[in-house]
Amino acid sequence: MGKVATYGQIADLAGLPGRARLVGKALGQVPDGGWQGKPVPWFRVINSQGKISLPLASDAFNRQRTMLQDEGIVVIGAKIRLQDFQWQPDITELLFKLSY
DNA sequence: CAGTTGACTATCT
DNA sequence: TAGATAGCCAACT
């Protein structure tokens, strides 16, 4: 089952507290192919209300909703139940990352 | 230099 | 649940 994260959550983990808007701007800049050869799963990021932060009618919106559903995430309209699908790293997972 | 503008959020009504 | 409001901050006008 896929999981999603909010802009604020990503900003915090990236050491940029309070800069959720920057995360959104950054993701918006990423070309289709990814960044420097690496794919970027920008579609797994949504806003704190659990909704896709794109115009309902846009191609980008439909693209994101499709990608999320492909990963098993239930999207109703633009909304996702964060209670069920928000990524919540546990203490063990975070501690292991310190060894890099 | 002053305003505007966002793939944002938290807090009130 | 939905709208208004006020912070946020880098990039543009």
Side-chain angles (χ1 to χ4, degrees):
Chain A
M1 217 46 145
K3 290 286 165 56
V4 299
T6 66
Y7 294 95
Q9 192 173 7
I10 297 300
D12 287 348
L13 290 172
L16 302 170
R19 273 169 260 193
R21 304 189 86 131
L22 278 219
V23 174
K25 178 166 291 187
L27 293 184
Q29 308 289 347
V30 178
D32 286 5
W35 194 251
Q36 311 187 339
K38 307 166 192 172
V40 177
W42 54 270
F43 53 86
R44 293 198 272 237
V45 186
I46 61 182
N47 65 34
S48 66
Q49 303 173 66
K51 296 193 301 181
I52 290 177
S53 223
L54 287 171
L56 287 172
S58 69
D59 283 11
F61 172 88
N62 289 305
R63 198 152 50 240
Q64 176 162 14
R65 192 180 55 181
T66 300
M67 296 300 287
L68 290 175
Q69 293 180 326
D70 281 353
E71 300 199 333
I73 292 165
V74 179
V75 185
I76 302 170
K79 197 174 176 183
I80 293 167
R81 285 179 188 284
L82 287 181
Q83 198 174 141
D84 300 333
F85 301 105
Q86 183 171 202
W87 179 58
Q88 279 170 1
D90 64 40
I91 186 64
T92 307
E93 182 176 352
L94 289 177
L95 288 175
F96 267 111
K97 290 187 184 302
L98 294 179
S99 60
Y100 289 89

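The chains referred to below are lettered A, B, ... by the order of the sequence lines, with proteins before strands, and numbering in each begins at 1. Computed from a prediction, not measured in an experiment: that's the story for all the values here.
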Subject >> C:dG7 to B:dA7 separation - P atoms, rounded to the nearest Å >> reply: 22 Å

Subject >> Between B:dA7 (P) and A:Arg63 (CZ): distance, integer Å >> reply: 15 Å

Subject >> Atom-to-atom span, CD1 of A:Ile46 to C1' of B:dT9 - whole angstrom >> reply: 14 Å

**OP:** With a 4.0 angstrom cut-off to heavy atoms of chain A, pull out the first and last contacting nucleotide of DNA chain C, in 5'-to-3' order.
**Re:** C:dT1 to C:dA11

**OP:** Figure out the CD1/C1' separation between A:Ile10 and B:dA7, and round it to whole Å.
**Re:** 13 Å

Subject >> From B:dA7, B:dT9, B:dC8, nucleotide with atom closest to A:Thr6 side chain >> reply: B:dT9

**OP:** Looking at every strand, decide which applies to A:Leu22 at a 4.0 Å heavy-atom threshold: base, sugar-phosphate, or nothing.
**Re:** sugar-phosphate

Subject >> Crowding at CD, A:Gln83 (>12 non-hydrogen neighbours, <6.0 Å) >> reply: no

Original post:
Between A:Gly8 and A:Lys25, which has a closest nucleotide on DNA chain B that is more 5'?
Top reply: A:Lys25

Original post:
Can you tell me how far P of B:dT9 sits from CG of A:Leu16, to the nearest Å?
Top reply: 14 Å

**OP:** Determine: side-chain N/O of A:Ser48 to OP1/OP2 of B:dT9, distance under 4.0 Å, yes or no.
**Re:** yes

Original post:
Mind checking the C1' distance from C:dC8 to B:dG6? Whole angstroms is fine.
Top reply: 11 Å

**OP:** Specify the separation, in whole Å, of atom CZ of A:Arg19 and atom C1' of B:dT5.
**Re:** 18 Å

**OP:** Treating Ile, Leu, Val, Met, Phe, Trp and Tyr as nodes and any side-chain heavy-atom pair under 4.5 angstrom as an edge, say whether A:Trp42 and A:Leu16 lie in one connected cluster.
**Re:** no

Subject >> Over 12 non-hydrogen atoms of neighbours within 6.0 angstrom of CG in A:Asp32 >> reply: no

Subject >> Within 6.0 angstrom of A:Asp70 CG, more than 12 heavy atoms from elsewhere >> reply: yes

Subject >> Nearest-nucleotide comparison on DNA chain C, the residue closer to the 5′ end among A:Arg21 and A:Lys79 >> reply: A:Lys79

**OP:** Please round to the nearest 0.5 Å and tell me the distance separating atom CZ of A:Arg63 and atom CE of A:Met67.
**Re:** 9.5 Å

Original post:
If you look at every strand shown and take non-hydrogen atoms under 4.0 Å, does A:Lys51 touch a base, only sugar-phosphate, or nothing?
Top reply: nothing

**OP:** May I have the distance from A:Asn62 (atom CG) to B:dA7 (atom C1'), rounded to whole angstrom?
**Re:** 15 Å

Subject >> A:Asn47 CG - B:dT11 C1' separation (whole Å) >> reply: 16 Å

Original post:
Quick check: does any side chain N or O of A:Gln64 sit under 3.5 Å from a backbone N or O of A:Phe43, one acting as donor and the other as acceptor?
Top reply: yes

Original post:
Rounding to a whole Å, what distance do you find between A:Ile52:CD1 and B:dC8:C1'?
Top reply: 16 Å

**OP:** Taking the side chain as every heavy atom from C-beta outward, state whether A:Ile46 and A:Leu82 have any atom pair closer than 4.5 Å.
**Re:** yes

